[in-house]
Amino acid sequence: MAPHNIDVFIQPIRDTPQAQVALVALCILIVLDMLFGFCAAAKDGRVQSSVMRQGLWHKASEIGVVMVADVADGMLLGGIDLGYGAPVVTAAIVGLCANELVSVCENLVKLNPELSTSRVLDRLLESKAVSDAMRGADDGAE
């Protein structure tokens, strides 16, 4: 058994089935996003290593978010009051999964524009556009 000071950082994912499922889903979605993104670029003849490299850095930063959220959960389990008690890592992973779902759908629509007539995909892509617009407005306010 790992010492308590290490175990508190392993426990948020090890002991939470929802976090485990979300983490596996995130990994699958990341792979699907990279695969369909590459396919969409290849279809249009726009495969560029610099764009792929940038995408890999984005995926690495998502894994970084999961790691930081896990540390926050570990601190909470270790008795440090952060003023927040919900499972941080699960919430972070689910949020990243939502972003990846939208990104995968965007790439699928690039591969097959007829999919954009789907109401489900329209709503997902529309919510992404609203989210991006809100983020852009927030960035401009600073």
Side-chain angles (χ1 to χ4, degrees), residues 1-44 46-113 115-142:
M1 188 90 157
H4 176 72
N5 58 350
I6 295 172
D7 190 55
V8 294
F9 298 107
I10 298 168
Q11 186 178 348
I13 294 176
R14 183 195 65 215
D15 294 349
T16 310
Q18 296 87 351
Q20 293 170 9
V21 169
L23 186 58
V24 170
L26 179 62
C27 292
I28 292 169
L29 288 167
I30 285 173
V31 170
L32 289 175
D33 188 36
M34 290 173 16
L35 174 68
F36 293 131
F38 177 80
C39 290
K43 177 187 173 204
D44 295 338
R46 298 180 295 114
V47 175
Q48 296 177 347
S49 60
S50 61
V51 174
M52 290 172 59
R53 206 170 21 256
Q54 177 141 0
L56 287 173
W57 285 117
H58 288 173
K59 303 307 176 194
S61 70
E62 289 181 356
I63 300 303
V65 167
V66 172
M67 293 169 72
V68 168
D70 184 60
V71 169
D73 265 352
M75 291 170 63
L76 290 167
L77 288 169
I80 297 174
D81 182 13
L82 298 176
Y84 184 77
V88 179
V89 73
T90 303
I93 296 171
V94 169
L96 291 169
C97 283
N99 284 339
E100 286 297 323
L101 276 169
V102 171
S103 185
V104 168
C105 289
E106 288 173 337
N107 287 328
L108 290 171
V109 167
K110 289 176 188 174
L111 285 169
N112 181 2
L115 290 175
S116 68
T117 60
S118 164
R119 284 199 163 301
V120 174
L121 287 179
D122 279 345
R123 287 185 181 153
L124 276 171
L125 296 176
E126 186 178 289
S127 69
K128 169 80 168 150
V130 169
S131 173
D132 288 347
M134 289 175 62
R135 230 181 276 131
D138 290 344
D139 292 343
E142 292 178 350

>> Exactly one of Asp70, Val68, Leu76 should register a side chain to side chain contact (heavy atoms under 4.5 Å, CB included) with Val88. Which one does?
In response: Leu76
> Which pair of non-hydrogen atoms, one from Phe9 and one from Met75, has the smallest distance, and what is that distance?
Replying inline: CE2-N, 3.9 Å
>> Let me confirm one number: the CD-SG distance from Glu62 to Cys97, rounded to the nearest 0.5 Å.
In response: 9.0 Å
>> I'd like to check Cys27 versus Val31 (side-chain heavy atoms, cut-off strictly below 4.5 Å). Are they in contact?
In response: no
>> Between Ser61 and His58 (side chain of the first, backbone of the second, donor and acceptor by atom type, cut-off under 3.5 Å), is there such a pair?
In response: yes
>> Using only atom types and a distance under 3.5 Å, with no angle test, would you say the side chain of Lys43 pairs donor to acceptor with the backbone of Lys110?
In response: yes
> How far apart are the closest heavy atoms of Val65 and Ala92, and which atoms are they?
Replying inline: CG1-CB, 4.3 Å
>> Please check this pair: side chain of Gln20 against backbone of Ile13, looking for a donor-acceptor N/O pair closer than 3.5 Å.
In response: yes
>> side-chain contact (heavy atoms from CB on, under 4.5 Å), that's the test. Do Val71 and Met67 meet it? Break it down for me.
In response: CA-CA 6 Å; Val71 169; Met67 293 169 72; 5.7 Å; no
> Where the side chain of Thr16 meets the backbone of Pro12, is there a donor-acceptor pair that is under 3.5 Å apart?
Replying inline: yes
> Hey, mind stepping through Asp33 and Lys59 against side-chain contact (heavy atoms from CB on, under 4.5 Å) and telling me if it holds?
Replying inline: CA-CA 10 Å; Asp33 188 36; Lys59 303 307 176 194; 2.5 Å; yes
>> Counting C-beta onward and ignoring hydrogens, is there a side-chain heavy-atom pair between Ile28 and Glu100 closer than 4.5 Å?
In response: no
> If you round to the nearest 0.5 Å, how far is CD of Gln11 from CG of Asp73?
Replying inline: 9.5 Å
> Any side-chain heavy atom of Gln18 within less than 4.5 Å of one from Val94?
Replying inline: no
>> Ile30 vs Leu26, test: side-chain contact (heavy atoms from CB on, under 4.5 Å). Steps then yes/no.
In response: CA-CA 6 Å; Ile30 285 173; Leu26 179 62; 4.0 Å; yes
>> Please give me the minimum heavy-atom distance between Val66 and Leu96, naming the atom from each residue.
In response: CG2-CD1, 3.8 Å
